[in-house]
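First, the structure itself, so that you have it in front of you.
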Amino acid sequence: MKLAVIEGDGIGREVIPAALEVLDAFGLELEKVPLELGYLRWERTGTAMSEEDIETIKKCDAVLFGAISTVPDPGYKSILLSIRKELDLYANVRPVKPLPGIVGVTGRNDFDFIIVRENTEGLYSGIEEIGTEISWTKRVVTRKGSERIAEYACQLAKKRSKKLTIVHKSNVLKSDKLFLDVCRQTAGACGVEYNDMLVDSMAYNLMMHPEKYDVVVTTNIFGDILSDMCAALVGSLGLVPSANIGKKYAFFEPVHGSAPDIAGKGISNPLAAIICVKMLLDWMGKPEARIIDDAIADVIQKKIITPDLGGKASTAELGHAVAKYIIQNL
Ligand code: ATP
C-alpha cells in the first residue's frame, strides 16, 4: 500500500503531521510518498503541480491531503479538481456526525448522516468561457455519472438504514431531471427506500431536522454547499472530514481550507484530518480503525482540545494525545 501525502499550504502543514502521527500509531506496513504541491511550491518554482506529480500520485493507492491556498495566477487550474478528474474520484463522501460532548450552532447531537456528492461533472465540469460582457459555465449531468453516484449512495444506504434522500433542483434546472430519474430508478432497483427534496428546502430541513436524514445524494455544487453548511451542525470546520472515492483510488481531505488567518500558530484543529485517517483505514478494510472514535472521545473528555473548541491544546498536542491513546489501547 502506497500513500501519497500532500500537506499543501497553511494549516495543511500542521494538521497532516498530526494525522500521520495517528496513522503511525497503528504500525501498518505502508509506504508514504510525500509531495509538495500548492501555493508555496508555486511561489518557489512557478508551478503548483506538474504532470510528473500526477504520475507519482497515480502510482500510489490513496492520497492524504491537507489544504491548498488558491494560486493568484489567471491560468491556474485547481489542483483538487485536476486530481479528482485524473483519478476519476467520482464520489465525494462527507459524514456529518457529532463528536461526543461537542455541539454545533443548533445545540443538538442526535444526527448521523452522510452527504454523497457527485464529484466529476455538474457545474464543476470545467467547460466555461470567461468574458467581460458574458461568462458561462456548462452544467453537465450524464446518465453514466448519475448512475454510478446513485449506485454508490445506495450501497452505502444498504449498509446503514436503507434510507436515501435525493437532492436536486429539477423544477428549475432541467438537467437535474435526468439526475433525479436515474437516482430513483437505481434506488428502486437496489431496494432502498427513498424520497427527494429540492436543494433550497433541503438546506432548511438539514438545519431544522438533521436527525431525519441518513444518506443524501446530490450533484456537485449542491453537495459542496450543503456539506460546508453542515459543518456548523457539528461545531467547527476543523471537525469535518471527507473522502473522494473512485473505482481504483481514494483521496482523503479535511473539509476546511488552508485557513491563512490561523496558519503557523499551531492552534488549528487536527481532528478532521485525524478522522480522514479513520476513513482511510476503513477504506483499506482495517476494522481496528474504530479505536480512533474512542481515542477522540477520550481526548475531548480530558479537554485536550484546540481553541476553536474552547480548549488550550496545540495541534501537535491533540494529535499526540490521540496517537498515545491508540498505542496504549490497540
Ligand atoms: P482557503 O482559502 O484555503 O479556503 P479559508 O480561510 O477561506 O481558506 P477555511 O480554511 O475553510 O477557509 O477556514 C475558514 C475559517 O474557519 C478559518 O478562518 C478558520 O478560522 C476556521 N478554521 C478552518 N479550519 C480550521 C481548523 N482545522 N481548526 C480551527 N479553525 C479552523
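Values below: all heavy atoms of this structure, side chains included; hydrogens, waters and symmetry mates excluded. Read the numbers this way: they start at 1 and go in the same order the structure lists the ligands and their atoms.
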Verify the neighbour count for atom NZ of Lys58: are there more than 12 heavy atoms of other residues, nucleotides or ligands below 6.0 Å? yes

Quick one: nearest non-hydrogen protein atom to atom 28 (N) of ligand 1, plus distance? Asn269 N, 2.8 Å

Aromatic contact, Phe65 with Phe251 (centres under 6.0 Å): yes

With a 4.0 Å cut-off on N to O distance, would you call Lys59 and Glu31 a salt bridge? no

Plane angle bin for Tyr152 and Tyr90 - parallel if under 30°, tilted between 30 and 60°, otherwise perpendicular: perpendicular

Going through the distances and angles, do Glu151 and Val182 end up as a side-chain contact (heavy atoms from CB on, under 4.5 Å)? CA-CA 10 Å; Glu151 178 71 25; Val182 170; over 6 Å; no

At what distance, to the nearest 0.5 angstrom, does NZ of Lys158 lie from CD of Gln155? 5.0 Å

Mark up the atoms of ligand 1 that fall under 4.0 Å of a heavy atom belonging to Ile11, in ascending order. 24 (N), 25 (C), 26 (C), 27 (N)

Are Asp110 and Lys212 close enough for a salt bridge, meaning some N to O gap below 4.0 Å? no

Show the atoms of ligand 1 that are less than 4.0 angstrom away from any heavy atom in Asp308. 29 (C)

Assess Ser268 for proximity to ligand 1: is some non-hydrogen atom of it under 4.0 Å away? yes

I'd like to know if atom 7 (O) of ligand 1 has any protein heavy atom within a distance of less than 4.0 Å. no

Between Lys138 and Glu128, does at least one N-O distance fall below 4.0 Å, as a salt bridge requires? no

Heavy-atom contacts with Gly257 under 4.0 Å: which atoms of ligand 1 show up? List them by number with element. 3 (O), 4 (O), 9 (P), 10 (O), 11 (O)

How far is atom 2 (O) of ligand 1 from the closest protein heavy atom, and which atom is that? Ser258 OG, 4.3 Å

Using side-chain heavy atoms (C-beta onward) and a distance below 4.5 Å, is Lys312 in contact with Ile267? no

Do Asp282 and Arg290 sit within salt-bridge range, that is, some charged N less than 4.0 Å from a carboxylate O? no

How does Asp261 reach ligand 1, if at all, at less than 4.0 Å between non-hydrogen atoms: by side chain, backbone, both, or neither? side chain

Does ligand 1 have any atom that is closer than 4.0 Å to a heavy atom of Pro260? yes

Can you list the ligand 1 atoms lying under 4.0 Å from a non-hydrogen atom of Gly238? 26 (C), 27 (N)

When you look for heavy atoms under 4.0 Å from ligand 1, do you find them on the side chain of Ile262, its backbone, both, or neither? side chain

Examine Ser69 against ligand 1 and note whether any of their N/O atoms are separated by less than 3.5 Å. no

Taking only heavy atoms of Leu237, which atoms of ligand 1 are found under 4.0 Å from at least one of them? 11 (O), 13 (O), 14 (C), 16 (O), 23 (C)

Is there a protein heavy atom less than 4.0 Å away from atom 21 (C) of ligand 1? no

Atom 24 (N) of ligand 1: closest protein heavy atom, distance to 0.1 Å, is His256 CB, 3.2 Å

Specify side chain, backbone, both or neither for Thr306, according to which of its non-hydrogen atoms lie closer than 4.0 Å to ligand 1. neither

